[in-house]
Amino acid sequence: MSQQITVTLPDGSRKQAPAGISIGQFVREHIGPGLAKAALYAKVNGQDMDLSRTLDADTILQIFTSKAPEALELIRHDAAHVVASVVQRLYPGTQVTIGPAIEEGFYYDFFKEAPFTPEDLERIEAEANKDIAADLPFVREEVAMDDALRLFDAKGEKFKVEIVRDIAAKGAKTLTLYRHGDWVDFCLGPHSPSTGKIGVIKLLSTSGAYWRGDHRNPMLQRIYGTAFFDKKALQEWLTRQEEAKKRDHRRLGKELELFHFHPYAPGAAFWTPKGTSLYQTLSTWMRRLTVEHGYVEIKTPLMFNKGLWETSGHWGKYRENMFMVLDSETGEHDFSLKPMNCPSHHLFYGFKKHSYRDLPLRLATQDPLHRNEATGSLSGLTRVRQFAQDDGHIYCREDQVPDEVRNFVKLLDRVYNALGLTYHAKFSTRPPQRLGDDALWDRAEGSLRSALETLGLPYELKPGDGAFYGPKIDFDVSDSIGRKWQLGTFQLDYLAPERFELAYVGEDNAEHRPVVLHRAVFGSFERFIAILIEHFAGAFPAWLAPVQAVIVTVADRQLAYARQVRERLRSLGYRVELDERSMTLNARIREAQVQKVPFTLVIGDKEVEAQSVAPRRYGGEDLKSMPLSEFEALLSKEGALP
RNA sequence: GCCGGCGUAGCUCAGUGGCAGAGCAAUGGUUUCGUAAACCAUAGGUCGUCAGUUCAAUCCUGACCGCCGGCUCCA
């Protein structure tokens, strides 16, 4: 039984080894003890494997250490097991459910009467870190389904039993168990060789969570945590979290006086003069861009009879999210505030008979929309009940779709580029439950794909993620600190034209159905502004800043000239303030910096004499005295819409 | 909506079952200064709302309102 196998390593080199050797042993004997010590898990022919697994045939082998980006995910999953074991040790009677690794860490859901307190978390964390120090090996074992069922049933783990049954129902014959210490869970793996590889566990928060995410199911107690290979990495992460908190749009919204909320209008913002300026600048900019890209802007009613929502289908599927309006005479809720613009755009399209020559018809609207979001889901400007989208619907022939994709992506690229947001496209294709035949979907997906390809735009394919009424392209942007947000969207819709019986007269003098395209670049102004506040940390570029320049005089005797400068710049359309307060020069400059105003114009006797200004950029760069006309030229470059 | 936490001056936050505190901001005065915080004084609160326990509640209890972290990242 000394059959030899060939193991191919990522560098292309090949090694011979006896069949049946464990991966760990293979690494130690045929690669090196250093790697053997650092190794966490492996990929065998592309499949994740524990190091304890054996190699039985010729394989391609990759070894992963803590340097691999995926390794964090591995130890976080390890950490979830450790935390679960500690919880069951400290709180007997607690049942375990599931505990996956997530983007920044992991969570574990427990079934337990009393919620975890912050003191509980400290205790669990301390105990979990002791288990790391004990360096308990993770032991993998495969057992028959029946044995697994008996094991968890005997432990009284009702949720585990339910999962085992589900897995069995899917046809699995065996289950993989992982033990560490005297604790056992079933898990696909892989896991690290031992708990000592985890480094450090930090528990973050608790929350309630429904079993399987369904509110009809029992409420579980969730513990969120994270893990790192060492304390330093954890500390860096915590510091980054603190930094991110400093840019939180809710905090900056207060500090920079951009918007407020009042308990009488939850989920609907009051925009201060500065916030309104931001809003209006974006709105004006988007108007200009859409006009350049061939859109016409319209306004439609904010409130509609339910007849519209019955036609659109919202009355059946979306009613819970719509604000109904009570008619005080009839006592009926026959009207609703619009939660979306599309139905009213469709009505608008239907006002007159269209020729193929009208197409594509591109309608844009920035009307306020209302959606009755669940109270618990409201959050700052990112989740609100009243908002406006930079909404647009394009009515066109099917063969015009590729051109419309290109036209849209050009618009979107201009916007995101101007703001320094990088983006990537996600192309979602037909879902299992869908409308229309395969030929239709073939054409629809084909035209989106070919448009993406002629644009040379790289995209990620999301098979099955499309809407039931058509495929779509979504755009994820990354902000300045690397967070991702889903913003722009471009969706094909074959359903709406049917429901609204939209038509155009073709060259053949017969009626045809147009295709509807839903599209947005900002998404909603509210959420987009929140993202921009965090992206720029409140230090907006001059063209977007609510106050573009603040004038401060060295002494009061320069005020008359300073007022002239203010009026001159305002007459050119710039947003300029003069700080006339009786504070020291330094204090007024500091104030302008704290408010993150792009330019502070210092005016002293020299400037009055020379009819100049001495601008200082946000951040402290002193531009030295320059003639007012020179500063005007600077503003015309940086202060005008891009 | 559900689970947990929180709600004290415009803002950030102390605090106690027995007359409510600080810093910043505000207001009045003094100061007129060359690139990140001048000085003095004054005013400011139904301690989220309503009910209950208590001789006494901002503090303890409950309900409600709002905010924050979560609630389809499924072995």
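Values in this document were obtained by computation on a predicted structure and should not be read as measured data.
A:G208 comes within 4.0 angstrom of a nucleotide base, judged by non-hydrogen atoms across all strands. Counting non-hydrogen atoms under 4.0 angstrom, A:L378 reaches the backbone sugars and phosphates but no base. Within 4.0 Å (heavy atoms only), A:I102 reaches at least one base atom of the nucleic acid. Among the protein residues, A:A587 comes within range of the sugar-phosphate backbone only, with heavy atoms under 4.0 Å from sugar or phosphate atoms but none that close to a base. Among the heavy atoms of the strands lying under 4.0 Å from A:K606 is at least one base atom, whether or not backbone atoms are also near. Residue A:S377 is in base contact, counting any heavy-atom pair closer than 4.0 Å across all strands shown. A:P115 comes within contact range of the sugar-phosphate backbone alone, with a heavy-atom separation under 4.0 Å but no base atom that close. Backbone-only contact: A:G380 has heavy atoms under 4.0 Å from sugar-phosphate atoms and none from a base. Using a 4.0 Å heavy-atom criterion, one finds that A:E607 contacts the bases of the nucleic acid, with or without backbone contacts as well. Contacts of A:A592 with the nucleic acid, taken as non-hydrogen atoms under 4.0 Å apart, are absent. A:D605 comes within 4.0 angstrom of a nucleotide base, judged by non-hydrogen atoms across all strands.
Across B:U49 and B:C65, the matching C1' atoms stand 7 Å from one another, rounded to whole Å. Rounded to a whole angstrom, the distance from the C1' atom of B:C73 to that of B:A14 is 40 Å. With C1' as the reference atom, B:A9 and B:U42 are 15 Å apart, rounded to whole Å.
Contact check on A:E534 versus A:R483 returns a salt bridge, with a Lys/Arg side-chain nitrogen under 4.0 Å from an Asp/Glu carboxylate oxygen. Note on A:E255 versus A:R251: salt bridge recorded, some NZ/NE/NH1/NH2 to OD/OE distance being below 4.0 Å. Between A:K426 and A:D476 there is a salt bridge, since a side-chain N of the basic residue sits under 4.0 Å from a carboxylate O of the acidic one. Ion pairing between a basic and an acidic side chain is recognised when a charged N comes within 4.0 Å of a carboxylate O; A:R557 and A:D605 show such pairing. A salt bridge does not link A:D622 to A:R616: none of the charged side-chain nitrogens sits closer than 4.0 Å to a carboxylate oxygen. Looking at A:R617 and A:E638, a side-chain N of the basic residue comes within less than 4.0 Å of a carboxylate O on the acidic one, giving a salt bridge. A salt bridge links A:K246 with A:E243: at least one charged nitrogen is closer than 4.0 Å to a carboxylate oxygen. Comment: A:R566 does not engage A:E577 in a salt bridge, judged by the lack of any side-chain N to carboxylate O separation of less than 4.0 angstrom. Between A:D465 and A:R430 no salt bridge is recorded (no basic side-chain N to carboxylate O distance below 4.0 Å). A salt bridge is absent between A:D479 and A:K484; no separation between the charged side-chain nitrogens and carboxylate oxygens falls under 4.0 Å. The pair A:R588-A:D579 does not meet the salt-bridge criterion, since no charged nitrogen lies less than 4.0 angstrom from a carboxylate oxygen. Ion pairing between A:R179 and A:E141 holds under the 4.0 Å rule for side-chain N and carboxylate O.
Residues of residues 237-256 of chain A that place a heavy atom closer than 4.0 Å to RNA chain B, in numerical order, are A:R250, A:K254. Scanning residues 220-228 of chain A for heavy-atom distances under 4.0 Å to RNA chain B yields A:Q221, A:R222, A:Y224. Within residues 40-54 of chain A, no residue places a heavy atom under 4.0 Å from RNA chain B. In the region residues 554-563 of chain A, proximity to RNA chain B at under 4.0 angstrom, judged on heavy atoms, holds for A:V554, A:A555, A:D556, A:R557.
Geometrically, A:K202 does not engage A:F106 in a cation-pi contact, judged by NZ or CZ lying under 6.0 Å from the ring centre and within 45° of the ring axis. Relative to the six-membered ring of A:F228, A:R76 meets both conditions, a distance below 6.0 Å and an angle of at most 45° to the axis.
Close placement of the A:F64 and A:Y41 rings is indicated, their centers lying within 6.0 Å of each other. For A:Y224 and A:Y108, the gap between ring centers reaches or exceeds 6.0 Å. Two rings, from A:F159 and A:F111, have their centers less than 6.0 Å apart. Not less than 6.0 angstrom separates the ring centroid of A:F270 from the ring centroid of A:H260.
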Atom pairs, protein N/O to nucleotides 43-46 of chain B N/O, distance under 3.5 Å:
none

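Donor-acceptor pairing under 3.5 Å, judged by distance alone, is present between the side chain of A:R616 and the base of B:A36.
Between A:N586 and B:U35, a side-chain N or O to OP1/OP2 separation shorter than 4.0 Å is absent. Residue A:S205 places no side-chain N or O under 4.0 Å from the OP1 or OP2 atom of B:G69.
Whole-Å rounding puts the A:R212 CZ to B:C73 C1' distance at 15 Å. Rounded to whole angstrom, the span from the CZ atom of A:F111 across to the P atom of B:C71 amounts to 20 Å.
Classified by interplanar angle (parallel below 30°, tilted 30° to 60°, perpendicular above 60°), the ring pair A:H81/A:H180 is tilted.
With 3.5 Å as the limit, one finds no donor-acceptor pair spanning the side chains of A:E320 and A:N372.
Pairing analysis of RNA chain B (Watson-Crick: purine N1 to pyrimidine N3 plus N6-O4 or O6-N4; G-U wobble: N1-O2 and O6-N3; both under 3.5 Å) yields stems of 3 or more pairs at B:1-7 with B:65-71, B:10-13 with B:21-24, B:26-30 with B:38-42, B:48-52 with B:60-64.
Along RNA chain B, the nucleotide nearest to A:D622 and the one nearest to A:M219 differ in position, and the one closer to the 5' end is contacted by A:M219.
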